[in-house]
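Structure first, then comments.
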Amino acid sequence: MKTVYTCFCTDIIHEGHLNIINEAKKLGKVVIGALSDKALIRYNKFPTLSQEERVKLYHSIEGVEEVIIQNDMLYDDVIEKMKPDYIIHGDNWKYGPPSAIRMHVMEKVLEYGGKVVDIPYTYSEKITKAEKLLREKLSMPEYRRKRLKQLIDICPIVKIIEAHSGLTGLIAEKTVVENNGRLDQFDGMWVSSLCDSTVKGKPDIELLDMSSRLRTVDDIMEVTTKPIILDGDTGGLTEHFVYNIRTLERMGVSAIIIEDKKGLKKNSLFGTEVKQTQASIKEFCDKISAGKHIQLTEDFMIIARIESLILEKGMKDALERAFAYVNAGADGIMIHSRKKEPDEILAFCDEFRKTDKKTPIVVVPSSFDSITEEELAEHGVNIVIYANQLTRSAFPAMQKTAEDILRYHRAKEVDERLLPIKDIITLIDEL
Ligand code: SPV
Ligand code: MG
């Protein structure tokens with residue numbers, strides 16, 4: 001009897017899956033792999049059923065003889081252990097980023113004489129609707145909010161990119177690249193005070209009020225499912241901060257990062273070129289505790305951002321603050337620097353990790369941009385935020401286009417570098 005293996009990463013069974021099982025039965029004994037929570041989360045397919053519930057669901061399908069857990073997105077663990085005679089899949093994996101997985105599987109099964117069987121993917125309105133509904137469920141607050149903590153638990157480093165609109169949210173949500181057989185993508189979005197202010201033509205001085213910031217968050221939430229970290233500036237008055245925590249939790253935001261400055265806040269990348277005042281340890285700890293006290297779920301994170309290195313107060317001050325903020329209840333620490341080299345950031349992380357092995361560390365490598373995610377992870381960093389690169393890449397492109405149209409008195413000369421009209425009118429799907 002031949003073994004036929006197929007991997008499912010779904011929370012609902014529809015006619016497409018049943019069709020795969022029927023085709024598989026014709027070839028031999030059917031074994032289903034339930035992709036593990038860890039692999040699903042890494043692949044941006046957040047489960048709405050637990051791993052055990054999925055195994056039970058797959059078991060209940062007629063014709064399925066065995067269900068196992070598949071831990072590796074690339075099938076390596078299953079292929080090694082089971083050497084299935086056939087691996088069967090819908091032929092939709094021949095196209096786009098998943099084709100990298102198919103290629104990898106083909107090479108592996110060839111080594112022992114196995115075979116990949118692609119069967120025509122079942123397209124139907126009912127299936128499309130069911131899959132869309134499942135995806136949309138993930139944008140609901142109760143799923144989205146907890147995703148950041150889940151990611152921190154399972155990823156070597158969580159990658160976050162700035163978004164300031166529905167469109168940039170979609171870029172963060174959907175961009176996938178193939179990298180050595182792996183599919184790389186961003187894990188979530190940062191709603192930066194700098195970029196949120198800049199796209200509205202305002203300086204980054206806590207001028208945008210909370211309603212405006214929340215409008216941006218909501219625009220992004222409308223079209224995405226990935227977790228959101230809000231740049232909360234100083235957090236404002238503690239009396240106001242606690243109300244905002246409740247609002248953010250209710251909306252499904254996963255974390256707020258607040259910085260230990262007070263008075264008129266300016267962007268940290270000015271460093272000591274402008275007057276900026278750091279709050280006392282006690283003042284900032286009180287704000288953190290008030291926020292932690294008011295929050296209602298286990299999922300939401302309040303991350304404390306330390307400005308000591310930015311304000312040249314020294315490493316000792318930065319570390320003293322870090323431990324005090326964690327003691328006050330902070331769920332994570334963000335350490336910032338505007339040095340070109342990452343040395344002071346790495347020194348901080350190494351020293352902090354000697355005492356605290358688990359509080360998540362967040363960094364924003366805007367100035368020290370030569371360091372890789374892998375190197376940061378080696379020093380105990382859990383979250384890397386690419387805080388402004390989308391805005392900084394869009395602005396020069398738009399400015400150059402405006403200048404060239406003025407220069408040539410027509411748009412023909414800029415056309416070559418623009419998104420084709422056909423593509424812009426179909427870029428956003430209709431419901
Ligand atoms: C932001 O993106 O607004 C930040 C990070 O706060 S930084 O601009 O580096 O201060
Ligand atoms: Mg900011």
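All ligand and atom numbering here is 1-based and tracks the order in the structure. Computation of the quantities below employed the complete heavy-atom set of this structure, encompassing side-chain atoms and omitting hydrogens, waters and symmetry-equivalent molecules.
Dense packing is recorded around CG of Leu296, with more than 12 heavy atoms of other residues, nucleotides or ligands lying under 6.0 Å away.
Here the rule is side-chain contact (heavy atoms from CB on, under 4.5 Å) with Asn382, and of Val363, Ile361, Val362, Asp153 only Ile361 fits it. Exactly one residue among Leu237, Val242, Ile258 makes a side-chain contact (heavy atoms from CB on, under 4.5 Å) with Lys287. That residue is Ile258.
Checked by atom type and distance alone, the side chain of Glu178 never pairs as donor or acceptor with a backbone atom of Pro97 at under 3.5 Å. No donor-acceptor pair closer than 3.5 Å links the side chain of Gln70 to the backbone N or O of Ser36. Side chain of Ser393 to backbone of Gln389: a donor-acceptor contact under 3.5 angstrom is found. The backbone N or O of Glu307 lies less than 3.5 Å from a partner atom in the side chain of Asp260, making a donor-acceptor pair.
A heavy-atom cutoff of 4.0 Å around ligand 1 is satisfied by the protein residues Trp190, Ser192, Ser193, Leu194, Asp231, Asn267, Ser268, Leu269, Arg305, His336, Ala387.
Around the Mg ion (ligand 2), the protein N, O or S atoms closer than 2.8 Å are Ser193 OG, Asp231 OD2, listed by chain and residue number.
Using a 4.0 Å cut-off between a side-chain N of Lys or Arg and a carboxylate O of Asp or Glu, Glu142 and Arg145 do not qualify as a salt bridge.
Across all non-hydrogen atoms, the minimal contact from Gln278 to Ser308 is NE2-OG, 3.1 Å.
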